[in-house]
Protein chains: 2
Amino acid sequence: MVSGSAAKRGARQRRVTINDVGTAAGVSTSTVSRVLNGTARVDPELARRVQSAVAELGYRPNAAAQGLARGEAGAIGVLVPDLSNPYFPDVLKSVSAVARRHGRRVMVMESDEDAASEYELAEDLMRCCDGVLLCSPRMDRTALVDLALRGHPVVLVNRIVPGLSIPSVSADFYGGMTLVCGHLTQLGHRRVAYLSGPEASWANAERIRAFEAAAAFGIDVTVIPCGHTARHGYDAADAVRDRGVSAVVAYNDLVAFGAMAALEEAGLRIPEDLSVIGCDDISVDDLPSSRRLTTASMARDELGRQAAQRLESLMAADGDTEPRSLPMELRVRLTSAPPAASPG
Amino acid sequence: MVSGSAAKRGARQRRVTINDVGTAAGVSTSTVSRVLNGTARVDPELARRVQSAVAELGYRPNAAAQGLARGEAGAIGVLVPDLSNPYFPDVLKSVSAVARRHGRRVMVMESDEDAASEYELAEDLMRCCDGVLLCSPRMDRTALVDLALRGHPVVLVNRIVPGLSIPSVSADFYGGMTLVCGHLTQLGHRRVAYLSGPEASWANAERIRAFEAAAAFGIDVTVIPCGHTARHGYDAADAVRDRGVSAVVAYNDLVAFGAMAALEEAGLRIPEDLSVIGCDDISVDDLPSSRRLTTASMARDELGRQAAQRLESLMAADGDTEPRSLPMELRVRLTSAPPAASPG
DNA sequence: CTGTTAGCGCGTTCAC
DNA sequence: GTGAACGCGCTAACAG
């Protein structure tokens with residue numbers, strides 16, 4: 001029914017190039033290029049002719065050709081382990097904002113928590129982007145070094161590789177979990193369970209490191225293998241009940257939600273019978289129920305912003321490579337309270 | 001500390017090209033190309049030399065150059081309105097699977113529910129991808145037509161443009177909401193509130209269309225402007241209580257969760273005092289609490305799979321352009337029940 | 001089976 | 001201020 005004027009060039013036709021525009025406007029391709037990119041002053045009359053030729057023909061510059069000629073793709077890549085975790089979309093928003101301000105589009109890819117495919121996807125991204133942001137990378141140190149040494153701009157988010165200078169921006173999970181431990185200690189908790197995240201997760205290791213340090217304050221944290229989704233938390237709840245603990249700290253809020261659901265189904269009251277604490281504070285706008293959850297919080301938008309800016313300066317001139325760490329805060333809400341008289 | 005052999009070529013050096021490989025291996029660039037792409041048979045000895053030269057120099061083909069020479073980018077683009085909604089990551093997973101099987105990477109972009117930026121991002125994607133998947137596009141019909149007529153492969157997801165043949169794959173929201181209405185009617189509900197989604201949402205319009213048709217069965221649905229996030233649902237809960245309805249249908253599960261949280265805080269019991277029904281069934285693995293929510297469900301992986309395959313066949317030969325619709329199912333869980341004796 | 005040649009579409013020197 | 005020529009890195013058609 002509807003058929004715009006553009007329908008003339010059917011589906012199977014050669015795409016219109018800068019040459020076509022030049023011919024139509026009666027100028028050279030260089031002039032067209034200049035008009036479109038504002039590279040140099042052009043006679044207003046010619047510019048007008050170019051503009052209308054562009055409009056008439058529906059010309060769109062070919063990204064690949066531009067990239068080849070300019071020597072840069074005009075895009076940055078972002079690799080995340082799991083898009084289903086609201087954490088990453090939040091980070092992505094501020095990354096995109098920064099990138100757009102620099103005239104770059106952002107290309108998002110998801111590794112599904114798999115270290116091997118993560119490595120391949122990262123390689124892929126490096127081939128077609130000017131710089132890459134690796135969020136919470138799961139690949140091992142060797143692979144990371146291999147990638148970083150390619151001489152391609154890379155910034156790590158939530159991962160610090162000890163002994164190596166790869167620029168990174170991370171949340172201070174160690175500090176965050178330390179706050180959580182302090183909170184629990186002051187409430188009177190002594191025996192705590194930690195629902196552990198992915199083994200390859202640096203953030204997870206940092207949390208555990210904090211627990212080990214907190215042992216000096218008389219708090220005993222048992223690590224229970226779990227995972228990163230609500231489902232994992234739900235399934236791990238049984239193991240928690242066997243441990244005779246008075247509080248549970250979860251790898252992240254999603255896991256905490258899952259665990260809470262299972263624990264409540266099992267007849268436990270939170271926080272009367274058991275305190276539950278999460279991490280990330282993904283609740284704010286997404287899950288109102290989470291306004292209840294005591295958790296360690298951080299500004300995800302700030303994390304994304306700094307990471308993107310870091311990548312930009314890396315792509316411009318070489319910025320510094322010192323790891324940067326962002327503080328976390330404790331958000332005490334309704335799921336943490338003093339332990340019951342007879343815990344367990 | 002660590003410094004691999006690749007460190008020799010510092011950060012600011014010319015990237016190694018196919019020419020360098022050829023020279024190093026003592027063969028022509030075409031032979032290198034043939035070895036790398038398996039385009040033609042090559043003497044095993046030469047192939048070996050090429051391989052090791054590639055490894056030695058750490059050569060990675062330039063994506064832009066490949067794209068230019070081949071005439072295709074080797075990537076598809078996917079545009080979604082909101083990555084924070086678990087709905088889209090789920091769709092993305094199956095899209096990625098299909099794309100990867102066809103040797104294409106996928107480029108994800110987010111429009112933040114904004115029609116204008118959506119149009120621009122779509123244009124961007126078309127410039128650097130071989131095909132584009134527009135998920136739940138919010139832009140108006142005119143813009144969509146404009147885009148579709150560019151002669152670039154485009155497939156719509158969850159949007160059907162009447163009177164125009166743009167290939168699309170959508171969930172049958174009309175059918176889904178009709179099931180919901182039937183369920184409510186059989187439970188005895190007569191007065192129902194609908195927490196409406198984004199105005200520009202086709203899916204939202206389809207739901208409303210279903211309510212209008214259901215009026216014939218004696219069910220009266222009041223549309224309350226709301227939004228697409230849990231926060232929106234939370235904030236709209238007050239308006240629901242004023243309406244004297246015995247049931248609430250939400251634009252999606254996120255909204256339903258938000259509304260439920262607010263309603264429960266206000267002292268209402270669900271489903272005793274009020275039934276709540278969602279849409280999308282995003283709960284399965286993400287939010288265990290949602291196992292409680294009665295909702296209209298659809299196979300998101302199937303949606304993504306079909307959409308991606310459709311795009312692939314569109315890029316190969318011209319496939320058909322008939323809109324395809326996927327059925328939805330009703331998942332009756334714990335948030336729907338017969339109305340209280342004295343509703344309101 | 002291999003090397004040589006010619007573009008792919010665009011930006012960017014150069015002379016004019 | 002403008003056009004002509006070259007090169008970006010790679011693939012593909014062409015001879016050999």
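Each chain gets a letter, A, B and so on, in the order its sequence line appears, and its residues count up from 1. Values below: all heavy atoms of this structure, side chains included; hydrogens, waters and symmetry mates excluded.
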I need the minimum non-hydrogen distance between Ala73(A) and Cys129(A), along with the two atoms involved.
CB-CA, 4.2 Å

From CG of Leu68(A) across to P of dG7(C) the rounded distance in Å is 17 Å

Side-chain N or O of Gln66(B) versus OP1/OP2 of dT11(D): is the shortest distance under 4.0 Å?
yes

State, yes or no, whether a side-chain contact exists between Leu144(B) and Leu134(B) at a heavy-atom distance under 4.5 Å.
yes

Rounded to whole angstrom units, what separation is found between the OH atom of Tyr59(B) and the P atom of dT11(D)?
6 Å

Rounded distance in Å - CD (Glu72(A)) to P (dT12(C))
10 Å

Heavy-atom closest pair, residues Asn85(B) and Pro89(B)
O-CD, 3.0 Å

Measure the spacing between CD of Glu312(B) and CG of Asp130(B) and express it to the nearest 0.5 Å.
8.5 Å

Atom pair distance, as rounded to whole Å: CG in Asn62(B) and P in dC8(C)
18 Å

When the axes are fitted on five pairs at both termini, how much does the helix from dC1(C)-dG16(D) to dC16(C)-dG1(D) curve, in 10° steps?
40°

Euclidean distance, atom CG of residue Leu57(A) to atom P of dG9(C) [Å, nearest integer]:
14 Å

In plain terms, say whether Asp114(A) and Arg138(A) are close enough for a salt bridge, that is, a side-chain N and a carboxylate O under 4.0 Å apart.
no

Whole-Å distance, Arg70(A) CZ to dC8(C) C1', equals 17 Å

Inspect the contact between Asp112(B) and Lys93(A) and indicate whether a charged nitrogen and a carboxylate oxygen are less than 4.0 angstrom apart.
yes

If you measure from CZ on Arg159(A) to OG on Ser168(A), what distance do you get to the nearest 0.5 Å?
10.5 Å

Where along residues 24-47 of chain B does a heavy atom fall under 4.0 Å from DNA chain C?
Val27(B), Ser28(B), Ser30(B), Thr31(B), Arg34(B), Arg41(B), Val42(B), Asp43(B), Leu46(B)

Surrounding CD of Glu322(A) (heavy atoms of other residues, nucleotides or ligands, distance under 6.0 Å), is the total greater than 12?
no

